[in-house]
Amino acid sequence: LNAGWYVVAGEVSRGTITCNGDVHLILADGAKLTATGGEEQAGITVSGEGNSLTIYGQTNQSGQLFARGGKYGAGIGGGQYSSCSAITINGGTVTANGGILGAGIGGGDNGSGYNITINAGKVTANGGNGGAGIGGGAYVSGSNITINGGMIDAKGGEFGGAGIGGGDKGSGSNIMVGTALAIYADNNDPPTTEILHASDYDISLYLNGKRYALVKDVTTSIKESAIAAIDAAISESDNDHIIAIATNAKTAINAAVSIEVINALKTQALAAIAS
């Protein structure tokens with residue numbers, strides 16, 4: 001596809017689709033586009049300077065895109081040794097599955113994933129073994145990833161791929177969810193800050209009025225802050241009962257994996273201490 005605007009109507013199946021220049025793709029209501037990459041190729045290749053892909057849904061947002069990378073390729077982004085250049089999703093239903101070592105959306109094997117923005121739509125991104133759901137292919141980083149809205153389910157592949165961030169042994173940086181939450185997802189072996197919720201490598205974001213985006217290092221800092229607040233509150237108390245309540249609250253906070261739960265426990269503990 002050369003630079004320009006394109007509309008998908010009906011059911012269309014293709015091998016690798018390559019974006020040359022600034023490509024805009026509208027998924028008409030009821031349409032279904034399937035792109036399957038050849039070996040070492042992405043399903044939809046968006047790689048190289050000056051090349052970009054922007055995806056839109058139509059009125060009812062019922063158009064669908066299924067992109068699968070070949071061996072070592074991303075679903076949408078780079079092929080083997082290729083980074084993605086610029087991908088924006090503004091609507092539609094988009095499912096992107098990476099091949100072995102490739103990201104769902106982002107870089108292929110040994111290719112970084114960056115300049116990825118999701119503003120709306122229903123997006124499912126599954127990394128191949130070692131690849132991130134959204135971000136880097138195996139061994140490399142994912143960065144400059146912004147999620148402003150939509151329903152996103154991103155799952156890294158086995159062997160260390162982050163849901164959003166770096167592939168196996170890669171790092172994630174400058175990842176923004178909404179307007180407030182920045183995630184740094186360092187992806188060691190084994191990963192130490194993988195995004196939590198459904199499983200160790202998954203992230204499920206439902207951003208229509210809610211934000212669920214957790215990584216271990218962010219969660220840990222909030223736990224430490226909550227425990228510090230509790231410790232400060234009981235430091236002036238000599239009541240054994242209050243100290244026991246606070247100790248139990250600290251134990252519960254340390255076991256929690258959700259920022260929402262941690263903050264609720266902190267509030268309850270401080271209220272109990274105050275009373």
Side-chain angles (χ1 to χ4, degrees), residues 37 42-47 53 67-89 94-118 123-147 150 152-177 181-205 212-218:
I44 299 181
T45 298
V46 191
S47 184
L53 172 65
R68 177 179 295 277
K71 188 177 181 181
Y72 308 130
I76 303 174
Q80 188 176 32
Y81 304 120
S82 295
S83 303
C84 75
S85 48
I87 299 169
T88 302
I89 299 176
V94 178
T95 301
N97 298 317
I100 295 173
L101 305 180
I105 299 175
D109 172 28
N110 276 279
S112 60
Y114 51 85
N115 298 336
I116 300 169
T117 302
I118 300 175
V123 180
T124 301
N126 299 308
N129 291 353
I134 301 174
Y139 317 122
V140 288
S141 63
S143 62
N144 297 340
I145 300 169
T146 302
I147 298 176
I152 294 87
D153 186 349
K155 182 176 181 179
E158 296 181 17
F159 314 124
I164 299 179
D168 178 33
K169 298 181 176 65
S171 64
S173 61
N174 196 25
I175 300 170
M176 301 297 298
V177 178
L181 181 60
I183 302 174
Y184 184 84
D186 186 25
N187 206 23
N188 298 316
D189 188 13
T192 57
T193 57
E194 62 269 55
I195 298 172
L196 302 176
H197 260 311
S199 75
D200 280 349
Y201 305 114
D202 293 1
I203 178 170
S204 296
L205 305 180
Y212 300 102
L214 310 180
V215 293
K216 285 185 178 176
D217 56 345
V218 174

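Computed over heavy atoms, backbone and side chain alike; hydrogens, waters and symmetry mates excluded.
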Identify which one of Ser83, Ser143, Ser141 satisfies the side chain to side chain donor-acceptor pair (under 3.5 Å) criterion when paired with Ser112. Ser83

Nearest 0.5 Å, what's the CD1-NZ distance between Ile100 and Lys71? 5.5 Å

Can you name the nearest heavy-atom pair linking Ile44 to Ala67, along with the distance? CG1-CB, 4.4 Å

Smallest separation among heavy atoms of Ala96 and Gly75, with atom names: CB-CA, 4.4 Å

Heavy-atom closest pair (Gly77 atom, Cys84 atom, distance to 0.1 Å) is CA-CB, 3.7 Å

Gly135 to Ala103 - nearest heavy-atom pair and separation: O-CB, 3.5 Å

For a side chain to side chain contact (heavy atoms under 4.5 Å, CB included) with Ser85, tell me which candidate from Asn115, Val46, Leu53 qualifies. Val46

Closest heavy-atom pair, Ser47 versus Ser82, reported as atoms and distance to 0.1 Å, is OG-CB, 3.7 Å

With rounding to the nearest 0.5 Å, note down the distance linking CD1 in Ile87 to CD1 in Ile116. 5.0 Å

Atom of Gly106, atom of Ala74 and distance for their closest heavy-atom approach: O-CB, 3.5 Å

Point-to-point distance, once rounded to the nearest 0.5 Å, from CG of Asp168 to OH of Tyr139: 6.0 Å

To the nearest 0.5 Å, how far apart are CD1 in Ile76 and CD1 in Ile89? 5.5 Å

